[in-house]
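One structure below.
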2 protein chains.
Amino acid sequence: MSELEGVVLGILQGKQPCTAYGIRMALQDSPSSFWSASAGAIYPLLNRLEKAGLVDASVDAGDARGRRLLTLTAAGRARHRQWMLSAGSVEVASAVSDPVRSRAFFLGAMDAADRRTFVDDSLQALESFLESARQDLVIRTDSEDSWAYLAALGGVHQAEARVKWMREIRDHLYDDSVPPVDR
Amino acid sequence: MSELEGVVLGILQGKQPCTAYGIRMALQDSPSSFWSASAGAIYPLLNRLEKAGLVDASVDAGDARGRRLLTLTAAGRARHRQWMLSAGSVEVASAVSDPVRSRAFFLGAMDAADRRTFVDDSLQALESFLESARQDLVIRTDSEDSWAYLAALGGVHQAEARVKWMREIRDHLYDDSVPPVDR
DNA sequence: TGTGACATGTAATATGTTACATGATTGA
DNA sequence: TCAATCATGTAACATATTACATGTCACA
């Protein structure tokens, strides 16, 4: 069961009845750009879920576009619950990915000028991302869903931790005691 | 250019000359389980890179296994540099993924008992992950590569932020009108 | 001498990406 | 009426996963 599948089931549970397009838009509104939320991923996925009996679809008769309103079945809810509870496994908890940190591991192979570019530019990008995470939090502030707010708050905390960390690296960079790496 | 490709080029740059197997093992040693580091991903990838002229391979004549020692070409180094500098783009900085947080957005759809299970179990998983991130940091402490140390430190900071955040959620959970479990 | 790590690779499968293609609906 | 948004979908392609398959090397 893929991450995207779990997320899509979750969005559907919160918005049903809604269209595949609506799910796509909800995914796109997230500050994270981890999924492209492309039509080529969403429509085939939803059709798979429907075929597997996790999702019900009814064509909206009053809409000539063939608008399909989707809802979760009982099996779909059970599957979503199963996905949720997998958060307790260490494998899921450790399947994080941070593309900036992945790159930072190899800073030692760059020359001093590139290192500066890297740190300055990625710090700016991280600050910009933090800003969008904060905006996302504001949107959820008056929502009745305090859990979604707390989840978004976690995103802000993590974004703050990333900015702080990159500032630490910058401080280290501007410290002259570090000799250049030999190549 | 995929994340895995960039990471593999980076590992190779730091360990060359080394085998594809060595790169796999280096990937596996990371506390993050984001990549499975399976043979089915690494060997085809390295062969693609070789074909593209980013990697050079020389068969070790003294080894009957057909051990191939890999090195980066100039084009490979340039490609790696390009990947590194892409950390400055907001798209890359925002392409983070946290499977526990993804799930936390949908806590509102769970019943109280499942919510408690979710929070208690994922807190334990996050603490366990934090521990492995700390161990990874210890390994890098006496390394001459201070940058890799700083990168791993970022991993620890983020893991700490995730634990702290889940504790906040737990506090919110037990503050609620829901009667507390026996403890 | 035997076991576990080293070493390379493929096959079937699943899933995601980009780009393309089409048309309806809504509101200024 | 016209443009932006809503809405569904496919095609070619790239890439990762799991499971399988084979054999060598180092060392106790």
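In what follows, chains carry the letters A, B, and so on, assigned in the order in which the sequence lines appear, proteins first and then strands, with residues in each chain numbered from 1. FYI, side chains are in, hydrogens and waters are out, and symmetry mates aren't considered; it's all heavy atoms of this structure.
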| query | Checking all strands, does A:Ala41 fall into the base, sugar-phosphate, or nothing category for heavy-atom contacts under 4.0 angstrom? | reply | base

| field | Spacing of A:Met1 atom CE relative to C:dT15 atom P, expressed in whole Å | value | 11 Å

| query | Does C:dA7 have OP1 or OP2 sitting under 4.0 Å from an N or O in the side chain of B:Thr19? | reply | yes

| said: Heavy atoms only, 4.0 Å cut-off, all strands: where does A:Gly66 land among base, sugar-phosphate and nothing? | reply: sugar-phosphate

| query | Any side-chain heavy-atom pair from B:Tyr174 and B:Arg170 closer than 4.5 angstrom? | reply | yes

| Do any side-chain nitrogens or oxygens of A:Arg67 fall under 4.0 Å of OP1 or OP2 in C:dT25? | no

| query | What are the two closest non-hydrogen atoms of A:Ala87 and A:Val92, and how far apart are they? | reply | CA-CG1, 4.0 Å

| Does the side chain of B:Ser2 get closer than 4.0 angstrom to OP1 or OP2 of D:dA14 through an N or O atom? | no

| note | Rounded to whole Å, CE of A:Met25 lies from C1' of C:dT25 at a distance of 15 Å

| Atom-pair distance (CD on A:Glu3; P on C:dG16), nearest Å | 10 Å

| task | Fit a plane to each ring of B:Trp83 and A:Phe106, take the angle between them on a 0 to 90° scale, and name the class: parallel (under 30°), tilted (30 to 60°) or perpendicular (over 60°). | result | tilted

| request: Name the nucleic acid region contacted by A:Leu45, choosing base, sugar-phosphate or nothing; use a 4.0 angstrom heavy-atom cut-off, strictly under. | output: nothing

| request: Please report, rounded to the nearest Å, how far the P atom of C:dT15 is from the CG atom of A:Leu46. | output: 14 Å

| message | Using the rule that Ile, Leu, Val, Met, Phe, Trp and Tyr join whenever any side-chain heavy atoms are under 4.5 Å apart, tell me whether B:Val55 and B:Leu4 fall into a single cluster. | response | yes

| said: In this structure, how many angstroms lie between the P atom of D:dT18 and the CH2 atom of B:Trp35, rounded? | reply: 15 Å

| query | Is there a side-chain polar atom (N or O) of A:Tyr43 under 4.0 Å from OP1 or OP2 of D:dT8? | reply | yes

| Would B:Val119 and B:Met166 satisfy side chain to side chain contact (heavy atoms under 4.5 Å, CB included), going step by step from the backbone distance to the final call? | CA-CA 7 Å; B:Val119 172; B:Met166 190 52 74; 4.2 Å; yes

| remark: Of B:Pro44 and A:Phe34, the one whose closest nucleotide on DNA chain C sits nearer the 5' end is B:Pro44

| message | Can you confirm whether A:Arg162 sits close enough to B:Val96 that some side-chain heavy atom of one is under 4.5 Å from a side-chain heavy atom of the other? | response | yes

| Can you tell me if the side-chain N/O atoms of A:Arg24 get under 4.0 Å from OP1 or OP2 in D:dG9? | no

| message | D:dT17, OP1 or OP2 - any side-chain N/O from B:Ser36 closer than 4.0 Å? | response | yes

| Any donor-acceptor N/O pair under 3.5 Å between C:dC6 base and B:Arg65 side chain | yes

| task | Using a heavy-atom cut-off of under 4.0 Å over every strand shown, decide if A:Ala64 touches base, sugar-phosphate, or nothing. | result | sugar-phosphate

| query | Looking at the side chain of B:Tyr21, which of D:dA16, C:dG16, C:dA5 is the nearest nucleotide? | reply | C:dA5

| Spacing of A:Leu70 atom CG relative to D:dC6 atom P, expressed in whole Å | 16 Å

| request: Could you tell me the separation between the CZ atom of B:Arg48 and the P atom of D:dA16, rounded to a whole number of Å? | output: 6 Å

| field | Length of the line joining B:Leu49:CG and D:dA14:P, which is rounded to integer Å | value | 14 Å

